[in-house]
2 protein chains.
Amino acid sequence: MRTLSEEAELYIERWNASVGDLSGDCPVRGVLDKISDKWSMLLVMTLASGPKRFNQIRREVPDISQKMLTQTLRDLQRDGMVSRQVFDTKPPSVEYRLTPLGASIIVPFGHLIAWASENHSHIDEARLEFDGQAAA
Amino acid sequence: MRTLSEEAELYIERWNASVGDLSGDCPVRGVLDKISDKWSMLLVMTLASGPKRFNQIRREVPDISQKMLTQTLRDLQRDGMVSRQVFDTKPPSVEYRLTPLGASIIVPFGHLIAWASENHSHIDEARLEFDGQAAA
DNA sequence: CGGCATCCGCTTGGATACTG
DNA sequence: CAGTATCCAAGCGGATGCCG
């Protein structure tokens with residue numbers, strides 16, 4: 001091995017040190033499963049620009065169902081990533097905002113988003129080529 | 001808002017600039033969906049430490065089924081993240097390795113893993129507290 | 001060894017209707 | 001407005017058996 005950057009090597013080492021046997025109950029796997037959730041990170045990024053109310057989030061993320069929005073917000077609250085504040089007005093309003101923990105994931109997640117926007121064109125190209133060869 | 005770091009602010013800005021209306025066909029969403037795949041990132045990290053053969057990967061990731069391993073490897077190959085090399089021995093052997101594109105995701109993904117190992121204890125605590133209050 | 005094909009259970013998640 | 005409750009379809013993914 002090879003042509004990887006030193007930074008990458010470092011992460012690989014840490015990974016190997018932290019995961020042990022990669023069995024399902026390794027704590028990092030647990031967090032990764034959360035991150036893999038279809039909507040979690042999208043909601044975190046939506047709340048990153050400020051606290052928002054339920055239907056306001058819904059409008060900003062058009063293709064989430066109300067059920068999934070409720071459920072994902074509750075999960076994020078359970079994990080201490082989002083706090084929920086109810087205002088006793090009528091009609092009642094509920095505001096969601098990132099906790100410090102929730103806000104702290106923005107940076108590492110931002111790296112991934114940066115990677116995605118830099119490389120999605122490469123992925124598209126690779127996919128076209130792959131599908132072209134499969135058809136031939 | 002406001003106790004976020006400047007780096008976080010930068011990512012939030014970029015996010016807002018890049019996603020437009022967050023509709024399902026935004027390219028960043030597309031890449032994020034791939035990353036959200038249950039096994040993709042696990043396999044990338046497994047291959048990060050060097051090229052490996054099919055059953056070797058299976059042994060290192062004990063709880064993936066053969067079907068999902070085949071399928072995920074093919075998807076990664078399609079996306080240009082992994083290359084597949086067949087050796088014409090008997091019995092035949094097949095080696096998978098990261099492409100430069102696949103290797104390039106290790107660094108941003110490493111940031112997320114670092115966050116996970118630093119914060120999973122906070123998440124566990126938050127979860128215990130939340131569940132305790134729910135029971136009360 | 002490294003797959004592919006089939007079957008099938010179970011979860012995920014959407015649509016709809018109702019509540020405080 | 002901000003949910004809860006119920007029903008139901010689609011697909012993810014496991015188990016098994018077969019092939020080159």
Side-chain angles (χ1 to χ4, degrees), chain A residues 22-25 29-30 32-43 46-47 50-79 82-97 130-131 133-135, chain B residues 22-25 29-30 32-43 46-47 50-79 82-97 130 133-134:
Chain A
L22 279 184
S23 64
D25 54 352
R29 285 270 306 263
L32 290 186
D33 279 353
K34 289 294 313 172
I35 288 162
S36 311
D37 183 88
K38 188 176 182 186
W39 301 109
S40 294
M41 288 303 101
L42 207 52
L43 294 188
T46 302
L47 289 175
K52 292 189 172 61
R53 294 181 23 202
F54 190 85
N55 281 328
Q56 192 177 358
I57 300 173
R58 252 191 117 172
R59 280 189 297 276
E60 293 196 26
V61 186
D63 52 350
I64 191 173
S65 69
Q66 177 255 30
K67 179 183 181 178
M68 281 302 102
L69 180 52
T70 303
Q71 190 173 304
T72 307
L73 284 171
R74 206 174 336 98
D75 287 349
L76 287 172
Q77 191 192 350
R78 189 171 107 97
D79 290 346
V82 160
S83 66
R84 181 177 183 271
Q85 187 175 8
V86 182
F87 294 96
D88 203 3
T89 57
K90 45 180 180 177
S93 84
V94 180
E95 197 176 80
Y96 294 90
R97 73 174 65 217
F130 186 92
D131 293 348
Q133 290 179 356
Chain B
L22 280 184
S23 64
D25 54 351
R29 287 270 306 262
L32 291 186
D33 278 354
K34 290 294 311 171
I35 289 163
S36 312
D37 183 89
K38 188 175 181 185
W39 301 109
S40 294
M41 287 302 101
L42 208 53
L43 294 187
T46 301
L47 289 175
K52 294 190 171 62
R53 293 178 30 200
F54 190 85
N55 281 328
Q56 194 176 358
I57 301 173
R58 256 192 112 172
R59 280 189 297 276
E60 293 196 25
V61 187
D63 53 349
I64 190 173
S65 69
Q66 177 255 27
K67 178 184 182 179
M68 283 301 104
L69 180 53
T70 304
Q71 191 173 304
T72 307
L73 284 171
R74 207 176 334 100
D75 287 349
L76 287 172
Q77 192 192 351
R78 190 172 107 97
D79 291 345
V82 160
S83 66
R84 179 177 185 272
Q85 186 175 8
V86 182
F87 294 94
D88 205 3
T89 57
K90 48 181 178 176
S93 85
V94 181
E95 197 176 80
Y96 295 90
R97 74 174 65 216
F130 185 92
Q133 291 179 355

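Residue numbers begin at 1 in each chain, while the letters A, B, ... track the order of the sequences.
Not counting sequence neighbours, A/R53 has no partner by the side-chain hydrogen bond (donor to acceptor under 3.5 Å, both in side chains) test. Residues that satisfy the side-chain hydrogen bond (donor to acceptor under 3.5 Å, both in side chains) test with B/S36, not counting sequence neighbours, are absent from this structure. By the side-chain contact (heavy atoms from CB on, under 4.5 Å) test, A/K52 pairs with A/T46, A/L47, A/S49, A/Q56, A/I57, A/E60, sequence neighbours left out. With sequence neighbours excluded, no residue satisfies salt bridge (charged side-chain N to carboxylate O under 4.0 Å, His left out) with B/D75. In this structure A/N55 satisfies the side-chain hydrogen bond (donor to acceptor under 3.5 Å, both in side chains) test with no other residue, sequence neighbours excluded. With sequence neighbours left out, A/R58 forms a salt bridge (charged side-chain N to carboxylate O under 4.0 Å, His left out) with no residue at all.
Pairs of residues two or more places apart, or lying in two chains, that qualify as side-chain hydrogen bond (donor to acceptor under 3.5 Å, both in side chains) and include a residue from residues 82-94 of chain B are B/R84-B/Y96.
Helical stems of DNA chain C (runs of at least 3 Watson-Crick or G-U pairs, donor-acceptor distances under 3.5 Å) are listed by first residue: C:1-20 with D:1-20.
Atom CG of A/L43 sits about 8.5 Å away from atom CG of A/D37, to the nearest 0.5 Å. Rounding to the nearest 0.5 Å gives a distance of 13.5 Å between CE of A/M41 and CZ of B/R29.
Note on B/K38: only backbone sugar-phosphate atoms sit closer than 4.0 angstrom, heavy atoms only; bases stay farther off. Heavy atoms of B/F87 sit nowhere under 4.0 angstrom from any nucleic acid atom. Counting non-hydrogen atoms under 4.0 angstrom, B/R74 reaches the backbone sugars and phosphates but no base.
Closest-nucleotide positions on DNA chain D for B/Q66 and A/P91 were compared, and the one nearer the 5' end corresponds to A/P91. DNA chain C is contacted by both B/Q56 and A/P92; B/Q56 maps to the nucleotide lying nearer its 5′ end (nearest heavy atom per residue).
Contacts between chain A and DNA chain D, taken as any atom within less than 4.0 angstrom of a protein heavy atom, begin and end at D/dC1 to D/dC7. Using a 4.0 Å cutoff to heavy atoms of chain B, the contacted part of DNA chain C runs 5' to 3' from C/dC1 to C/dC7.
Side-chain contact between A/K34 and A/D79: present, with at least one pair of heavy atoms (C-beta onward) separated by less than 4.5 Å.
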Tell me which donor-acceptor pairs under 3.5 Å the side chains of residues 64-72 of chain A have, and how far apart each pair is, sequence neighbours excluded?
{"from": "A/S65", "atom 1": "OG", "to": "A/M68", "atom 2": "N", "distance (Å)": "3.2"}
{"from": "A/T70", "atom 1": "OG1", "to": "A/Q66", "atom 2": "O", "distance (Å)": "3.0"}
{"from": "A/T72", "atom 1": "OG1", "to": "A/M68", "atom 2": "O", "distance (Å)": "2.7"}

